[in-house]
Amino acid sequence: ALLIAVGAGLWLLPAVVPPEIQWQDYNADLIQSAASQKRPVLIKFTADWCSSCKVVERKVYRDPEVAELIAEKNVLPIKADTTVIDYPATVDLTDKYGEAGNVPVTVVLLPDGKQQKLRGTFAKEALTEILNPLPEGQ
């Protein structure tokens, strides 16, 4: 009876929902506006057909620590879809960010105007190493 009571009690408790990243669709004007305000920007270049992108999504961007850090540091998270060759994100990946067009690529625009890039599959520690030194967001 005790086991049933404890089990029922646990079942009725609200589930703890891990934080999720509130991705914005790729928008060059939004990125430029944030960068001009010295707000850090994280651009996740991805594509529907990219299996490595799905690995990075699962192992890095769905991690609660990463989501909390992005929110805590007031980083603007941008999802840049490069599924189609003439999407703005696809064009800007090569023209603006100097990449060959291969995804996944994550570009972090820092408040000092510099950028850091993570190419291919990477561990969450590579991203948290970039984000941790950023000042707390407002």
Side-chain angles (χ1 to χ4, degrees):
L2 180 61
L3 185 60
I4 291 171
V6 170
L10 291 175
W11 181 73
L12 292 173
L13 286 175
V16 176
V17 178
E20 288 186 16
I21 298 170
Q22 301 301 312
W23 295 105
Q24 304 293 315
D25 289 334
Y26 186 82
N27 178 318
D29 292 335
L30 179 62
I31 294 166
Q32 180 58 40
S33 175
S36 70
Q37 296 169 16
K38 304 217 181 293
R39 180 178 180 191
V41 180
L42 183 148
I43 310 168
K44 172 182 73 166
F45 288 94
T46 187
D48 289 345
W49 46 262
C50 173
S51 58
S52 295
C53 298
K54 291 169 184 27
V55 171
V56 171
E57 177 67 29
R58 189 175 64 254
K59 298 213 176 235
V60 177
Y61 293 115
R62 288 194 188 153
D63 187 288
E65 180 187 351
V66 171
E68 287 171 11
L69 194 55
I70 286 172
E72 178 182 298
K73 302 293 184 168
N74 194 29
V75 175
L76 175 62
I78 301 287
K79 179 181 178 186
D81 186 0
T82 64
T83 301
V84 177
I85 197 162
D86 62 351
Y87 278 0
T90 310
V91 173
D92 285 354
L93 178 61
T94 54
D95 292 353
K96 246 186 198 171
Y97 299 102
E99 293 296 311
N102 302 327
V103 289
V105 172
T106 293
V107 177
V108 181
L109 305 177
L110 302 170
D112 64 4
K114 295 179 182 173
Q115 25 177 286
Q116 296 217 3
K117 297 179 182 179
L118 299 168
R119 295 175 185 91
T121 56
F122 57 90
K124 77 173 189 176
E125 291 79 12
L127 181 58
T128 59
E129 196 173 289
I130 294 170
L131 299 179
N132 272 323
L134 295 173
E136 296 288 318
Q138 285 100 11

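The analysis underlying the following values was restricted to heavy atoms, covering all of them including side chains, and did not include hydrogens, waters or symmetry mates. Positions are given from 1 along the sequence.
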Self-check item: Pi-cation contact, Tyr61 with Lys44 (under 6.0 Å, within 45°)
Solution: yes
Rounding to 0.5 Å, atoms CD1 (Ile21) and CD1 (Ile78) come to a distance of 12.0 Å
For Asp48 and Asp81, the nearest pair of non-hydrogen atoms, with its separation, is N-OD1, 4.4 Å
Hey, are the side chains of Tyr26 and Leu93 touching, using non-hydrogen atoms and a 4.5 Å cut-off? no
| task | Answer whether the closest heavy-atom distance between the side chains of Thr90 and Val84 falls below 4.5 Å. | result | no
| request: Mark yes when over 12 heavy atoms from residues, nucleotides or ligands other than Lys54 sit less than 6.0 Å from its NZ; otherwise mark no. | output: yes
Test of understanding: clusters of I, L, V, M, F, W, Y form through side-chain heavy atoms closer than 4.5 Å, transitively. Do Val41 and Leu131 belong to the same one?
no
Separation between CD1 (Ile85) and OG1 (Thr83), nearest 0.5 Å, reads 12.0 Å
CD of Glu65 to CD of Glu72, rounded to nearest 0.5 Å, is 10.0 Å
Are Val105 and Trp23 connected, step by step, through hydrophobic side chains (Ile, Leu, Val, Met, Phe, Trp, Tyr) whose heavy atoms are closer than 4.5 Å?
-> no
(Q) Is there a path of hydrophobic side-chain contacts, each under 4.5 Å between heavy atoms, that joins Leu127 and Leu76? (A) no
Rounded to the nearest 0.5 Å, the CD atom of Gln115 sits from the NZ atom of Lys117 at a distance of 5.0 Å
_Close side-chain approach of Thr46 and Glu57, heavy atoms under 4.5 Å_ = no
Only residue of Asp29, Asp25, Ile31 satisfying side-chain contact (heavy atoms from CB on, under 4.5 Å) with Asn27 is Asp29
- Item | Within 6.0 angstrom of Lys96 NZ, more than 12 heavy atoms from elsewhere | yes
### Non-hydrogen side-chain atoms of Asp63 and Thr128 separated by less than 4.5 Å
no
Give a yes or no on whether the backbone of Leu134 and the side-chain of Lys73 come within a donor-acceptor separation of less than 3.5 Å.
yes
Heavy atoms, side chains only, cut-off 4.5 Å: are Tyr97 and Ile43 in contact? yes
When rounded to the nearest 0.5 Å, the distance separating CD of Gln32 from CG of Leu109 is 9.0 Å
Closest non-hydrogen contact found for Asn74 with Arg39 is O-NE, 2.9 Å
Exactly one of Val60, Val55, Val56 clears side-chain contact (heavy atoms from CB on, under 4.5 Å) with Arg58, and that residue is Val55
When every non-hydrogen atom of Ala47 is compared with those of Cys53, the smallest separation belongs to N-SG, 3.9 Å
Trp49 versus Val103: any side-chain heavy-atom pair under 4.5 Å? yes
Find out if a path of hydrophobic residues (ILVMFWY) with successive side-chain heavy-atom gaps under 4.5 Å connects Val107 to Val91.
no
Taking every heavy atom of Ala89 against every heavy atom of Phe45, the minimum-distance pair comes out as O-CE2, 3.5 Å
Rounded to the nearest 0.5 angstrom, the CD1-CG distance for Ile130 and Leu110 is 7.5 Å
